[in-house]
Enquirer: 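What follows is a single structure, and I will ask about it in a moment.
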Amino acid sequence: MHHPPSAGLEIWAATPTPFGPDGELRPDVVAEQARHLTAAGVSGAFVGGTTGEFAALSTGERLELVAAWAAYRPPGLRLCVHVGHTALGEATALARQAGEQGADMIAAVAPYYGSPSGAEAVVDHLAEIAAAAPGVPFCYYHAPEMSGLRVPASAVAAVAAKRIPAFGAVKFTDGDLLEFARTQEVSPHVRVYFGRDELLPAAFGMGGHAVIGSLYNFLAPAAREVYAAATSGRLDDAVRLHRPFREVADVADRHGTLPVVKELAALLGGPDTGRCRSPWHRLTGPALTDVRRLADRLATPG
């Protein structure tokens, strides 16, 4: 699958899953999420990933969530569905549904409990998932801090490029920029999406031009400014414009990434997607005050 060079930065927002006050899935909120992302001008929605708390959802809930995105997304907003699961049969069911409902791409993490030891074993698992949605572009989701998998992304990509016909992307959520460069060099037909928002200027300096991340639910315009500065050689400007991402990272490190992202997304014009499920938590007291102060600063930059 060949990806022509992008005229600008390709941005996908990793979307939070909407829950009600008792933690129940609220698929009706997806319509408002889709409208919000469309207004922000992002390329697509990355649904059911880490930001979407996929490991805290049943397969039935994940199927319901994807059905809502397929139904509510407006023309022009692309859809990538994360279908990874430790149970291969569940992952293939999710992949099959995503393909049937018109997903533009499916993504999957490698098995993350009893992780395979090498790239061939990882691709054994991924190939079965991809085969359940033939012809749908497939993205390998590399997130070693979450999955514990230490097989290099470049090694997985090199094997997948030979064995998975629709393989065309990697979501690279790691701070190892040397490995990011290696993964980009695997094939001109594999697009590598950088997933560590707090390292954007460095990633752009290493040739990155596509991103998937949670902060693009509210910082997509800032990301475009960082990209424009970095790619025109204005590195001081790129680092300065990137400050909001680092500020979010600082608050998220103190209070938990997913609760902070959910709260900020709602405070900065997006729909309220509720509290996180366990093992995350609701922000209260000083944590909520910190996030609200941050939202005020982000809403009035400069």
Side-chain angles (χ1 to χ4, degrees), residues 1-6 9-12 14 43-44 46 48-50 54 78 80-86 88 91-92 94-95 98-99 103-112 115-197 199-200 202-213:
M1 180 177 63
H2 179 64
H3 297 276
S6 173
L9 177 63
E10 182 182 343
I11 301 176
W12 293 65
S43 299
F46 186 90
T50 302
F54 77 91
R78 296 162 70 193
C80 179
V81 179
H82 174 250
V83 300
H85 202 291
T86 51
L88 183 57
T92 55
L94 288 159
D104 299 287
M105 185 162 63
I106 60 172
V109 291
Y112 52 87
S115 298
S117 59
E120 291 284 353
V122 172
V123 175
D124 286 344
H125 185 89
L126 299 179
E128 293 274 2
I129 298 170
V136 180
F138 183 82
C139 173
Y140 168 54
Y141 183 1
H142 178 71
E145 287 186 7
M146 297 299 290
S147 69
L149 185 72
R150 296 300 166 189
V151 180
S154 58
V156 174
V159 175
K162 296 174 182 175
R163 293 184 48 196
I164 299 176
F167 178 65
V170 176
K171 182 183 188 298
F172 189 95
T173 305
D174 189 28
D176 185 341
L177 290 165
L178 180 57
E179 182 58 22
F180 175 60
R182 290 191 190 106
T183 305
Q184 291 186 106
E185 292 166 355
V186 166
S187 169
H189 306 303
V190 176
R191 197 164 184 81
V192 183
Y193 294 86
F194 193 69
R196 288 290 294 271
D197 313 332
L199 295 175
L200 278 186
F204 295 152
M206 297 292 276
H209 52 263
V211 295
I212 298 172

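Since this is a predicted model, take the numbers as computed values, not measurements.
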Enquirer: So F204 and L9, do their side chains get closer than 4.5 Å, heavy atoms only?
Expert: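 Touching, per the 4.5 Å side-chain cut-off.
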Enquirer: Indicate the atoms forming the closest heavy-atom contact of G195 with K171, along with that distance.
Expert: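 Heavy-atom minimum between the residues: CA-NZ, 4.5 Å.
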Enquirer: Examine the side chains of S154 and E179 and answer whether a donor and an acceptor come within less than 3.5 Å of each other.
Expert: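 Looking only at side-chain atoms, E179 and S154 do form a donor-acceptor pair, the distance falling under 3.5 Å.
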Enquirer: Is it true that a side-chain atom of H82 and a backbone atom of G48 form a donor plus acceptor pair closer than 3.5 Å?
Expert: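 Checking the backbone N and O of G48 against the side chain of H82, a donor-acceptor pair under 3.5 Å is found.
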Enquirer: Which pair of non-hydrogen atoms, one from A153 and one from T183, has the smallest distance, and what is that distance?
Expert: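 Distance-wise, the nearest heavy atoms are CB-OG1, 3.7 Å.
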Enquirer: Should Q184 and R191 count as side-chain neighbours, where that means a heavy-atom distance under 4.5 Å?
Expert: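 No, side chains not in contact.
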Enquirer: With salt bridge (charged side-chain N to carboxylate O under 4.0 Å, His left out) as the rule and sequence neighbours excluded, what pairs involving residues 133-155 come up?
Expert: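 Listed once each, the pairs are E145-R196.
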Enquirer: For F138 and I129, run side chain to side chain contact (heavy atoms under 4.5 Å, CB included): C-alpha distance rounded to whole Å, both residues' side-chain angles, the deciding distance at 0.1 Å, then the answer.
Expert: CA-CA 9 Å; F138 183 82; I129 298 170; 4.2 Å; yes
Enquirer: Is the shortest heavy-atom distance from the side chain of V81 to the side chain of L94 under 4.5 Å?
Expert: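 With C-beta onward as the side chain, the pair stays apart.
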Enquirer: Could you check F194 against F180 for ring-ring contact (aromatic ring centres under 6.0 Å, His included), going step by step and ending with a plain yes or no?
Expert: CA-CA 8 Å; F194 193 69; F180 175 60; 4.9 Å; yes
Enquirer: Are V211 and L200 side-chain neighbours, meaning at least one heavy-atom pair lies under 4.5 Å?
Expert: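 Side-chain contact under 4.5 Å: yes.
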Enquirer: Heavy-atom distance under 4.5 Å between the side chains of H125 and L88, does that happen here?
Expert: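 In contact.
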Enquirer: Partners of D176 by side chain to side chain donor-acceptor pair (under 3.5 Å), sequence neighbours excluded?
Expert: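 Result, side chain to side chain donor-acceptor pair (under 3.5 Å) vs D176: none returned.
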Enquirer: List in chain and number order the residues that pass ring-ring contact (aromatic ring centres under 6.0 Å, His included) with F46, two or more places apart in sequence or in another chain; answer none if no residue qualifies.
Expert: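 For F46, the residues satisfying ring-ring contact (aromatic ring centres under 6.0 Å, His included) (neighbours in sequence not counted) are Y141.
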Enquirer: Please tell me if the side chains of Y193 and V170 come closer than 4.5 Å, counting only heavy atoms from C-beta onward.
Expert: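 Of all side-chain heavy-atom pairs linking V170 with Y193, none is under 4.5 Å.
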Enquirer: Are the side chain of H85 and the backbone N or O of V83 linked by a donor-acceptor pair below 3.5 Å?
Expert: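 A pair under 3.5 Å: no.
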Enquirer: What heavy-atom pair brings V151 and V122 nearest, and what distance separates the two atoms?
Expert: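 Minimum heavy-atom contact is CG2-CG2, 4.3 Å.
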Enquirer: Are V123 and Y140 side-chain neighbours, meaning at least one heavy-atom pair lies under 4.5 Å?
Expert: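 No; the side chains remain at least 4.5 Å from each other.
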Enquirer: State, to 0.1 Å, how close P144 and T173 come at their nearest heavy-atom pair, and which atoms those are.
Expert: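 Smallest interatomic distance, heavy atoms only, reads CD-O, 3.6 Å.
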Enquirer: Could you tell me whether R78 and E10 have a side-chain N and a carboxylate O separated by less than 4.0 Å?
Expert: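 The answer is yes: the pair qualifies as a salt bridge.
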